[in-house]
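When a ligand or atom number is given, it counts from 1 through the structure's own listing order.
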Amino acid sequence: MNQDKLHATACALVAAGKGILAADESAPTIKKRFDSIATESTEDNRRDYREMLFTAPEAGRYISGVILFDETIRQNGAGGTPLVKVLESAGIIPGIKVDMGAKDLAGHPGEKVTEGLDGLRERFAEYAKLGARFAKWRAVYSVTDMLPSGACVAVNAHALARYAALAQEAGIVPIVEPEVLMDGDHTADQCEEVSEAVLQSLYAELALQEVNLEGTLLKPNMVISGTDCPEQASVEEVARRTVRCLRRCVPAAVPGIVFLSGGQSDVLATQHLNAMNKLPDSRPWKLSFSYGRALQAAPLKAWSGKAANLKAGQDAFLERAKANGLATTGSYG
Ligand code: 13P
């Protein structure tokens with residue numbers, strides 16, 4: 001493992017003004033997105049949509065990397081060029097989602113454990129050959145008065161660390177993604193408490209398994225109120241709580257933290273990131289984005305499955321990408 005190379009890639013992914021596009025929707029998820037614009041989820045439509053995003057003029061000014069799904073990393077663009085090469089020529093680093101999804105955790109109703117460790121060493125070797133330089137593994141945690149259980153927190157931390165060690169062995173930067181879900185009526189206070197427990201457990205496990213933190217990135221949720229909580233934390237409160245929680249849990253050796261949007265509206269996701277980067281609190285890591293829905297909702301709608309709307313789709317994507325790029329330095333709005 002070349003630790004300097006891993007560190008350089010991790011730093012490039014959080015370069016000032018830039019962040020990550022998560023375009024790694026699984027087949028059922030992208031079908032759901034396409035259903036919302038009455039477009040069939042065919043291989044060609046998925047390629048056309050994603051190629052539209054990747055070739056948006058000057059996307060590389062705001063987008064440092066793209067997380068791909070297995071199909072996309074093997075796919076050629078409409079002109080015959082592999083999509084990985086299309087990204088590279090735009091100055092964008094290709095990444096890959098490698099987990100096999102969150103499955104029911106035995107003995108723990110309502111909780112999930114992320115699977116995909118079997119055969120992962122071999123899959124990493126192939127993905128590295130295909131051009132992937134970073135990867136993602138997502139674990140999810142539901143919040144109620146009883147959840148998450150200690151078991152759910154422990155097994156997901158264990159799997160995240162095993163994945164991270166295997167990624168680094170293959171020369172690939174692991175993004176570790178523990179997502180405390182926003183579904184439910186829990187308060188921002190509960191979200192903060194759970195996020196803290198999840199992150200403490202994750203970093204203890206990464207240390208135990210000797211993962212090189214300089215060659216990793218963290219992709220967490222923000223500390224926000226549950227979707228159905230009657231009292232919603234303000235933008236400033238979310239920023240303050242999130243940075244406080246991260247300062248308590250994330251070692252200074254981690255180069256960057258790239259948030260997921262998790263179902264927040266696109267504008268709110270940008271406002272939250274911007275507010276965090278405006279806080280005076282000292283921070284050893286960069287705070288950036290790795291948004292799926294918050295970057296794609298607008299271009300998906302503008303495109304609506306029609307080739308004639310390509311430019312409208314790209315314009316909508318660039319508008320969100322630029323806004324989030326500005327938020328990485330606290331200079332949005
Ligand atoms: P969202 O920003 O839509 O939450 O997607 C990010 C992601 O990659 C979730 O795993």
Side-chain angles (χ1 to χ4, degrees), residues 13-14 19-34 36 49-50 53 62-73 92-103 112-116 132 134-143 156 159-160 163-164 167 173-184 191 195 198 202 216-224 226-227 238 242 256-273 276 287-301 316-317 320-321 323-325 327-328:
L13 287 166
V14 290
I20 296 169
L21 165 66
D24 58 326
E25 298 83 4
S26 61
T29 304
I30 193 80
K31 181 180 180 307
K32 213 161 62 184
R33 304 275 187 269
F34 278 19
S36 75
Y49 170 64
R50 287 168 169 154
L53 301 177
Y62 316 111
I63 301 296
S64 56
V66 174
I67 313 173
L68 303 170
F69 186 59
D70 182 78
E71 172 184 89
T72 321
I73 201 169
I92 297 172
I93 303 174
I96 182 76
K97 185 240 294 291
V98 299
D99 68 66
M100 305 295 272
K103 307 287 163 62
K112 306 272 183 192
V113 59
T114 301
E115 295 189 349
F134 72 102
K136 171 190 123 173
W137 178 290
R138 171 175 176 256
V140 295
Y141 311 84
S142 294
V143 184
N156 279 298
L160 276 160
Y163 139 81
V173 169
I175 297 185
V176 288
E177 180 178 1
E179 176 176 4
V180 176
L181 296 167
M182 59 192 278
D183 313 78
C191 180
S195 299
V198 162
L202 173 60
T216 65
L217 293 173
L218 173 68
K219 176 164 173 168
N221 53 283
M222 297 177 191
V223 176
I224 54 181
T227 321
V238 168
T242 305
I257 295 172
V258 290
F259 293 101
L260 58 93
S261 59
Q264 300 177 43
S265 80
D266 49 11
V267 172
L268 201 53
T270 308
Q271 288 173 338
H272 283 151
L273 179 62
M276 283 184 236
L287 293 179
S288 181
F289 59 91
S290 174
Y291 293 160
R293 284 162 284 181
L295 278 169
Q296 293 190 52
L300 183 73
K301 202 158 160 229
F317 173 56
R320 292 318 319 152
N324 287 306
T328 66

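Put simply, the side chain of S64 reaches to within 4.5 Å of the side chain of I20, judged on heavy atoms. Counting only heavy atoms from C-beta outward, the side chains of L160 and P174 never approach each other to under 4.5 Å.
Residue-to-ligand polar distances place S261 within reach of ligand 1: an N/O pair is separated by less than 3.5 Å. An N or O contact shorter than 3.5 Å links G292 to ligand 1 by distance. Of the N or O atoms in G262, one or more lie within a sub-3.5 Å distance of an N or O in ligand 1. In terms of polar-atom proximity, defined here as any N/O pair under 3.5 Å, E177 does make such a contact with ligand 1.
Using a non-hydrogen distance threshold of 4.0 Å, S290 registers as a contact of ligand 1.
P178 and L202 make their closest contact through CG-CD2, 3.8 Å (heavy atoms, listed as atom of the first residue, atom of the second, distance).
When F317, F289, Y291 are each tested for a side-chain contact (heavy atoms from CB on, under 4.5 Å) with L21, only one passes: F317. Of the candidates K301, E25, R33, E25 is the only one forming a side-chain hydrogen bond (donor to acceptor under 3.5 Å, both in side chains) with Q296.
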Worksheet entry | Full working for side chain to side chain donor-acceptor pair (under 3.5 Å) between D183 and T227 | CA-CA 5 Å; D183 313 78; T227 321; 5.2 Å; no

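Of the heavy atoms in R293, both backbone and side-chain atoms come closer than 4.0 Å to ligand 1.
Near K219, meaning under 4.0 Å from one of its heavy atoms, ligand 1 places the atoms 6 (C), 7 (C), 8 (O). With ligand atoms numbered from 1 in the order given, ligand 1 contributes 2 (O) to contacts under 4.0 Å with heavy atoms of Y291.
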Hey, can you pull the donor-acceptor pairs under 3.5 Å for the side chains in residues 92-102, sequence neighbours left out?
residue, atom, partner, partner atom, Å
K97, NZ, D24, O, 2.9
K97, NZ, D24, OD2, 3.4
D99, OD1, G101, N, 3.0
D99, OD2, R138, N, 2.9

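Counting protein heavy atoms only, atom 10 (O) of ligand 1 is closest to K136 NZ, 2.6 Å.
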